There are 2 protein chains.
Amino acid sequence: MERSAEDLTARARIRDAAIRLFGEQGIEGASIRDIAAAAGVSSGLVRHHFGSKESLRAACDRYAKDRMLQIGAELTRDHDLTGLDPLALHPLAFPLQLYLVRSMMDGSETATALFLEGVDAVEDWTKSFGIDPKDRRGYAAALAAIKLSVFVFRDQVSKAIGEDITTLEGYNRIGQALMEVFTIPLLTQEQTDTMRNQEK
Amino acid sequence: MERSAEDLTARARIRDAAIRLFGEQGIEGASIRDIAAAAGVSSGLVRHHFGSKESLRAACDRYAKDRMLQIGAELTRDHDLTGLDPLALHPLAFPLQLYLVRSMMDGSETATALFLEGVDAVEDWTKSFGIDPKDRRGYAAALAAIKLSVFVFRDQVSKAIGEDITTLEGYNRIGQALMEVFTIPLLTQEQTDTMRNQEK
DNA sequence: GACTTGACTACACGATCGTGTAGTAGTTTG
DNA sequence: CAAACTACTACACGATCGTGTAGTCAAGTC
């Protein structure tokens with residue numbers, strides 16, 4: 001994704017185009033022919049390299065997951081932060097995140113597995129940082145979902161703040177805002193307990 | 001959605017089926033024939049009542065939006081809470097939320113408008129409750145996106161906590177967890193500032 | 001009682017989809 | 001040099017999609 005398109009093999013160009021189009025338009029919304037055109041090859045070559053649309057999606061799943069873990073490893077190596085990693089907020093990971101979200105919504109097991117690993121990581125992180133919610137697992141799951149929310153609603157969020165969050169500036173801005181959500185307590189413990197009781 | 005299917009007019013049954021199938025399978029993923037079959041009518045009748053798939057979607061947009069605002073009004077009347085309303089977490093609103101999220105991702109202006117109204121509401125709420133983030137608009141947009149995130153990843157979240165969040169119990173559980181996210185500060189103000197500087 | 005109207009169905013249309021088949025050009029291998 | 005393999009294209013197939021057309025049937029209207 002970061003290299004120039006001409007230097008890549010046709011197979012890599014197809015895979016990158018698939019990740020982009022699947023992410024932007026959904027799995028069903030992007031056709032083999034669309035992907036082939038975006039990669040500058042014939043639709044037959046897509047089939048030649050990947051066999052079927054489902055196999056192509058599986059290949060995209062594996063690649064996107066590996067790349068995400070790789071990027072995450074590099075980030076935590078470069079500057080170890082709080083654990084609430086900006087992994088999800090890295091420009092290089094943007095198309096990958098977009099794709100993985102779509103793949104999840106389409107029922108992908110690989111993408112869902114990545115989500116579950118993310119929940120595990122958040123759960124471990126809460127332990128090591130002494131955060132002790134009443135429902136640790138549910139808490140971790142909610143946080144994992146939250147980390148992905150800005151990707152799903154990128155168009156709506158961009159429109160709301162009047163700034164494209166796919167650009168570096170907008171990206172940082174919404175990232176900061178997201179951090180503030182985790183910094184400023186919105187409810188007191190008493191309010192949370194009150195609402196718990198109200199819902200019988 | 002809450003009345004029994006037999007009592008509804010065919011037009012209402014089609015609309016309800018469309019909202020459900022669009023929400024579950026996406027706009028492109030649900031065909032006119034699927035919707036007609038789910039409503040127990042012929043595909044021609046869908047066209048007769050709504051003209052085209054796009055018009056059907058627009059009708060669903062309007063209905064879902066109106067119902068959501070209506071439900072929200074009833075909730076705030078019954079028991080006025082903190083303003084971080086459990087509107088988004090009401091079982092009755094579940095299929096509507098699911099649909100609206102899909103419609104948003106499909107580029108619906110009506111659904112996007114509802115999102116923007118939600119951001120406005122959150123923004124007003126932060127003011128009246130004395131919450132003063134550095135970027136109020138971005139903060140409100142992030143919160144609005146967060147409120148919808150559990151709907152998008154309902155399957156993944158359900159799998160993560162080992163409990164179906166479409167049931168009332170699972171629903172309340174993830175709702176509680178979400179509330180705790182807003183109750184327990186994860187980061188200190190210094191940490192947030194540190195991360196801001198790191199991203200140059 | 002003829003006429004209109006609206007709910008509803010059956011069926012056919014062109015377009016697009018994923019997929020299958022056949023074949024070409026260039027490189028590798030024996 | 002011939003055989004084999006790989007990357008790649010062109011084209012045709014059945015299925016499904018949204019849509020269009022024609023018609024049935026029952027309830028009202030004059």
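The chains referred to below are lettered A, B, ... by the order of the sequence lines, with proteins before strands, and numbering in each begins at 1. For clarity, every value in this text was computed on a predicted model and none was experimentally measured.
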| query | Which part of the nucleic acid does S42(B) contact within heavy-atom distance under 4.0 Å: base, sugar-phosphate only, or nothing? | reply |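 Base contact - S42(B) has a heavy atom under 4.0 Å of at least one base atom.
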| query | Heavy-atom count around E117(B) CD within 6.0 Å, excluding the residue itself: above 12? | reply |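 Correct, the count exceeds 12.
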Rounded to whole angstroms, how far apart are [atom1] on [X] and [atom2] on [N]?
{"X": "L45(B)", "N": "dC11(C)", "atom1": "CG", "atom2": "C1'", "result": "16 Å"}
{"X": "F50(B)", "N": "dT19(D)", "atom1": "CZ", "atom2": "P", "result": "14 Å"}
{"X": "E28(A)", "N": "dG18(C)", "atom1": "CD", "atom2": "C1'", "result": "12 Å"}
{"X": "L21(B)", "N": "dC17(D)", "atom1": "CG", "atom2": "C1'", "result": "16 Å"}
{"X": "I27(A)", "N": "dC17(C)", "atom1": "CD1", "atom2": "C1'", "result": "15 Å"}
{"X": "K53(B)", "N": "dT16(C)", "atom1": "NZ", "atom2": "C1'", "result": "13 Å"}

| Within the modelled atom types, does a donor on one side and an acceptor on the other bring the side chain of R33(B) and the base of dG18(D) under 3.5 Å apart? |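 In this structure, the two groups form a donor-acceptor pair.
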Could you work out which one of [options] sits closest to the side chain of [X]?
{"X": "R47(B)", "options": "dT21(C), dC8(C), dT21(D)", "value": "dT21(D)"}
{"X": "I32(A)", "options": "dC8(D), dA7(C), dG18(C)", "value": "dG18(C)"}
{"X": "A10(A)", "options": "dG18(D), dG18(C), dC8(D)", "value": "dC8(D)"}
{"X": "D34(B)", "options": "dA7(D), dC17(D), dT19(D)", "value": "dC17(D)"}
{"X": "H48(A)", "options": "dA7(D), dT9(D), dG6(C)", "value": "dA7(D)"}
{"X": "S52(A)", "options": "dT21(D), dT19(C), dC17(D)", "value": "dT19(C)"}

| message | Taking only side-chain N and O atoms of H49(B), does any of them lie within less than 4.0 angstrom of OP1 or OP2 on dC8(C)? | response |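 Yes, H49(B) has a side-chain N/O under 4.0 Å of OP1/OP2 on dC8(C).
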| Under the 6.0 Å and 45° cation-pi test, does R11(A) pair with F50(A)? | yes
| Is it true that E123(B) and R136(B) make a salt bridge, defined as a side-chain N closer than 4.0 Å to a carboxylate O? | no
| task | Determine, for D120(B) against R137(B), whether the closest basic-nitrogen to carboxylate-oxygen distance falls under 4.0 angstrom. | result | yes
| message | On DNA chain D, compare the nucleotides closest to A30(B) and V46(A); which residue's is nearer the 5' end? | response |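 Here V46(A) is the residue nearer the 5' end.
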| Between OG of S31(B) and CD of Q25(B), what distance do you get to the nearest 0.5 Å? |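 Spacing of OG (S31(B)) from CD (Q25(B)) equals 8.0 Å.
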